Amino acid sequence: MNRVRLLRGGRLVDAERDDSDWIGITLSAIVGAGLGLFAGLAASQFFSEVSPRGVSGAVRGIGRRTGKGELPPPEALERQVTGALGENPKTRHLDVRARALSEGIVELTGTAPDADARAAAATVARGAVDHVVIVNRILVAGEDVAKRPSRSRAG
């Protein structure tokens with residue numbers, strides 16, 4: 001406790017100030033922030049777990065509810081998406097592969113020269129087959145991966 005002089009009602013008065021309160025408040029704030037951070041990390045781990053089986057089941061359910069019937073087998077999905085990417089002028093030059101992860105889920109991998117080409121590939125893939133989840137893992141050259149140096153044929 002510290003003795004201080006305060007101005008009250010136009011008069012100086014002696015008073016005692018208890019400095020131990022700020023220590024308790026500071027410690028409570030630190031503990032609360034730590035617990036909040038821990039809870040946020042735990043929640044993000046819990047909610048970030050996505051199983052292909054669960055997504056596949058949800059996609060099949062969407063197809064049934066809309067009357068579209070069953071989805072094609074994974075190999076057919078790959079062929080349809082790959083064909084659509086090869087036929088579209090915006091995506092035919094890209095180094096992109098389509099792989100069926102399971103029924104109703106197709107993963108796109110490879111590289112694109114820019115973010116617009118990456119987005120175009122995902123759009124084309126989504127339009128190739130109804131009610132399919134497209135996992136876009138295409139990397140953008142210069143952002144996600146280093147650009148490949150061009151090889152010149154100097155001779």
Side-chain angles (χ1 to χ4, degrees), residues 2 17-155:
N2 293 331
R17 186 176 70 190
D18 188 6
D19 289 337
S20 64
D21 288 346
W22 73 270
I23 294 172
I25 292 170
T26 303
L27 288 175
S28 296
I30 291 170
V31 168
L35 288 174
L37 179 64
F38 177 75
L41 289 172
S44 70
Q45 287 297 315
F46 177 76
F47 290 114
S48 69
E49 295 296 319
V50 178
S51 72
R53 184 180 304 158
V55 174
S56 180
V59 170
R60 278 195 305 278
I62 290 170
R64 284 190 204 107
R65 284 193 298 271
T66 58
K68 297 290 184 182
E70 291 296 316
L71 293 168
E75 299 80 23
L77 287 176
E78 282 181 16
R79 283 192 303 274
Q80 287 176 302
V81 172
T82 301
L85 290 170
E87 291 172 6
N88 191 296
K90 293 181 181 179
T91 59
R92 73 172 59 138
H93 67 282
L94 297 178
D95 179 26
V96 174
R97 287 162 302 290
R99 180 175 67 116
L101 299 177
S102 68
E103 188 175 319
I105 304 173
V106 177
E107 174 186 53
L108 300 178
T109 58
T111 57
D114 54 46
D116 290 338
R118 177 183 189 270
T123 301
V124 169
R126 280 188 198 99
V129 184
D130 287 338
H131 307 295
V132 172
V133 174
I134 301 295
V135 179
N136 190 349
R137 293 201 175 137
I138 299 172
L139 301 176
V140 176
E143 292 179 25
D144 302 319
V145 294
K147 286 189 178 184
R148 294 182 189 176
S150 60
R151 295 182 184 177
S152 63
R153 294 189 176 188

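Owing to the predicted nature of the structure, the values given are computational and were not obtained by experimental measurement. FYI, the numbering just counts along the sequence from 1.
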What's the separation between atom OG1 in T109 and atom CG in N136, rounded to the nearest 0.5 Å?
10.0 Å
I138 to R118 - nearest heavy-atom pair and separation:
O-NE, 2.7 Å
Please report the closest heavy-atom contact between P113 and V140, naming both atoms and the distance.
O-CG1, 4.2 Å
Which residues satisfy the side chain to side chain donor-acceptor pair (under 3.5 Å) test with R79, sequence neighbours excluded?
none
So, for T91 and A84, which heavy atoms are closest and what is the spacing to 0.1 Å?
OG1-O, 4.2 Å
Atom pairs and distances, side-chain donor-acceptor, residues 119-126, under 3.5 Å, sequence neighbours left out:
residue : atom : partner : partner atom : Å
T123    : OG1  : A119    : O            : 3.0

Give me the atom names and distance for the closest heavy-atom approach of D95 to R97.
OD1-NH1, 3.2 Å
May I have all residue pairs that pass salt bridge (Lys or Arg N to Asp or Glu O under 4.0 Å) and include part of residues 26-39, sequence neighbours excluded?
none
How about P74 and I105: do any of their side-chain heavy atoms sit closer than 4.5 Å?
no
Hits for side chain to side chain contact (heavy atoms under 4.5 Å, CB included) against D114, two or more places apart or cross-chain, chain-then-number order -> D116, A117
So, using side chain to side chain contact (heavy atoms under 4.5 Å, CB included) as the criterion, who are the partners of R99 when residues are at least two apart?
E78, L101, E107
Worked verdict on L108 versus L85 for side chain to side chain contact (heavy atoms under 4.5 Å, CB included):
CA-CA 10 Å; L108 300 178; L85 290 170; 4.1 Å; yes
As a quick check of understanding, evaluate side chain to side chain contact (heavy atoms under 4.5 Å, CB included) for L77 and V132, giving each step before the final call.
CA-CA 9 Å; L77 287 176; V132 172; 3.7 Å; yes
